[in-house]
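Worksheet: one structure, shown below.
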Protein chains: 2
Amino acid sequence: MDVLLGLLTIEPMSGYDLGLTIRESIGHFWNESYGQIYPNLKKLATEGFVTSKIERQKGKPDRHVYSITRKGRERLTQWLLVPPQPEVPRNELLLKLFFSAQVTPDIPTEYLERMVDSERGLLQRFQQVYEAIASNRQYPGTPYWKMAARFGQFELEAHLRWAEETLVELKKIAGKQESDAVTRKEKRHAGK
Amino acid sequence: MDVLLGLLTIEPMSGYDLGLTIRESIGHFWNESYGQIYPNLKKLATEGFVTSKIERQKGKPDRHVYSITRKGRERLTQWLLVPPQPEVPRNELLLKLFFSAQVTPDIPTEYLERMVDSERGLLQRFQQVYEAIASNRQYPGTPYWKMAARFGQFELEAHLRWAEETLVELKKIAGKQESDAVTRKEKRHAGK
DNA sequence: GGGTGCATGTAATGGGTTACATGATTCT
DNA sequence: AGAATCATGTAACCCATTACATGCACCC
């Protein structure tokens, strides 16, 4: 809801544009699906926080371009003055890792490797996003955008360091289980 | 749902106990409210994944103690074999910081200081939790519990380093706005 | 006397995702 | 020929939190 208002302070946009912008510029800390964006824009419009004008296009559906109103800016400010609530964490990877004594260590190992792959890619894309923001000096928002981007960098780097350490631990566990299996086998051969 | 199954592999527990355990041992990466725990336990029971027995108490309501069944363990394993989905991030602090050009820099500064306070406390509690797990050597889950705890440490430390850096940036912005205000004042005094 | 902890549970409400529908254009 | 992109929107559904209800015991 208020994200939409915030993004519309940058420039007037359609719901579709808002979706794209969210995905590719604040996607690492916030998300909103189209099933949410369109109804919310309508609601914001009926309450006078945004206005819309229709741009006709050939071959494509009309674009509904929304602009924030003075009233909308006031609402945004009010929202910014409310201290952010501590979020409810939900990390499925960690949850599954926590219970991984119930399966063999190669299962969580695979999950961590996947995570490393995807987060390494993200980190690279981040560096680029950061440069792009930094060169975009004119806008008053840029210092804050940089801060948010740096947060992503710090967090991703921390995750990667953790994953490195943890993969070593997992390898140790796997090795130990193998040697245990051998020991058991030897015991059996020795006649119990 | 599956968290409950996972925790019941450690020991049989009541819904109330599960709530407490979640809060104080996996609360940093997963949460579940009582409004979810009780109905889910019932559902798990009707589907044969857990059994319950009632412990009568004097002065207090009866405890419904749940135990995981063989079928429940199978379900847990199946769940652990499903690769974790990448989560949808939702960080309200970052979102507000991102739009903070709309307010004065002391607003996000206050939010960051709050965050530093609470996360510093968490980090300390974490170190203790980690020690507690480490001394609890006998249980097969302990290596995995340590890994999950270390994740929290890494992330919190990253947040704190980021907050430190960001608070400096915010101070710079605040300083610049003040000196700008002075300059404007001087200009006015100099006769426009 | 009033708050907190123990212990269970339901109902209302809200938030959000997914799937579906439509339809022209452009790329493979 | 079929997939993807542009562009909007709705409806079904799932999940989760919050608030409410109950009631005894203990502590300040």
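All chains are named by letter (A, B, ...) in the order of the sequence lines, taking the proteins before the strands, and each is independently numbered beginning at 1.
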- Would you find a donor on one side and an acceptor on the other, under 3.5 Å apart, between the side chain of B:Thr166 and the backbone of A:Met147?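 Absent.
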- Message: Looking at B:Trp79, is its backbone amide N or carbonyl O close enough to the side chain of A:Lys96 to form a donor-acceptor pair, meaning the two atoms are under 3.5 Å apart?
- Response: yes
- Item | Short side-chain N/O contact from A:Gln57 to OP1 or OP2 of D:dC6, under 4.0 Å | no
- Task: Using only side-chain N and O atoms of B:Lys42, determine if any of them is under 4.0 Å from OP1 or OP2 of C:dT10.
- Result: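 Affirmative; the distance criterion is met.
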Each nucleotide N or O in nucleotides 21-24 of chain C that has a protein N or O under 3.5 Å away: list the pair and distance.
from   : atom 1 : to      : atom 2 : distance (Å)
C:dA24 : O4'    : A:Gly59 : O      : 3.3

- Message: Heavy atoms from C-beta onward define the side chain here; which of C:dT10, D:dT17, D:dT8 lies closest to that of B:Pro39?
- Response: C:dT10
- Item | Nearest to side-chain heavy atoms of A:Arg90, which nucleotide of D:dG9, C:dG16, D:dT17 |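 Shortest atom-to-atom distance from the side chain points to D:dT17.
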- Query: Does the pair B:His28 and B:Phe151 meet the rule for a ring-ring contact (aromatic ring centres under 6.0 Å, His included), with working shown?
  - Reply: CA-CA 10 Å; B:His28 65 104; B:Phe151 182 92; 7.7 Å; no
- Query: On the ring face of B:Trp30, is A:Arg90 found with NZ or CZ under 6.0 Å from the centre and within 45° of the axis?
  - Reply: yes
- Note on the structure: Between NZ of B:Lys43 and P of D:dA16 the distance, given in whole Å, is 11 Å
- Return the orientation label for the B:Tyr139 and B:Trp145 ring planes: parallel under 30°, perpendicular over 60°, tilted otherwise. parallel
- Item | Contact nearer the 5' end of DNA chain C, comparing B:Val88 with B:Leu41 | B:Leu41
- Query: Are the charged groups of B:Glu74 and B:Arg70 less than 4.0 angstrom apart, N to O?
  - Reply: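 Here B:Glu74 does not pair with B:Arg70 in a salt bridge, since their nearest N and O are not under 4.0 Å apart.
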- Flag for A:Asp17-A:Ser14: side-chain donor and acceptor within less than 3.5 Å: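 Yes, side-chain donor-acceptor contact under 3.5 Å.
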- Return the residues of residues 10-36 of chain A meeting this criterion: a heavy atom under 4.0 Å from some atom of DNA chain D. Order them by number, or give none. A:Ser14, A:Gly15, A:Tyr16, A:Gly35
- Is the count of non-hydrogen atoms from other residues, nucleotides or ligands lying under 6.0 Å from B:Glu47 atom CD greater than 12?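 Atom CD in B:Glu47 is packed in, count exceeds 12.
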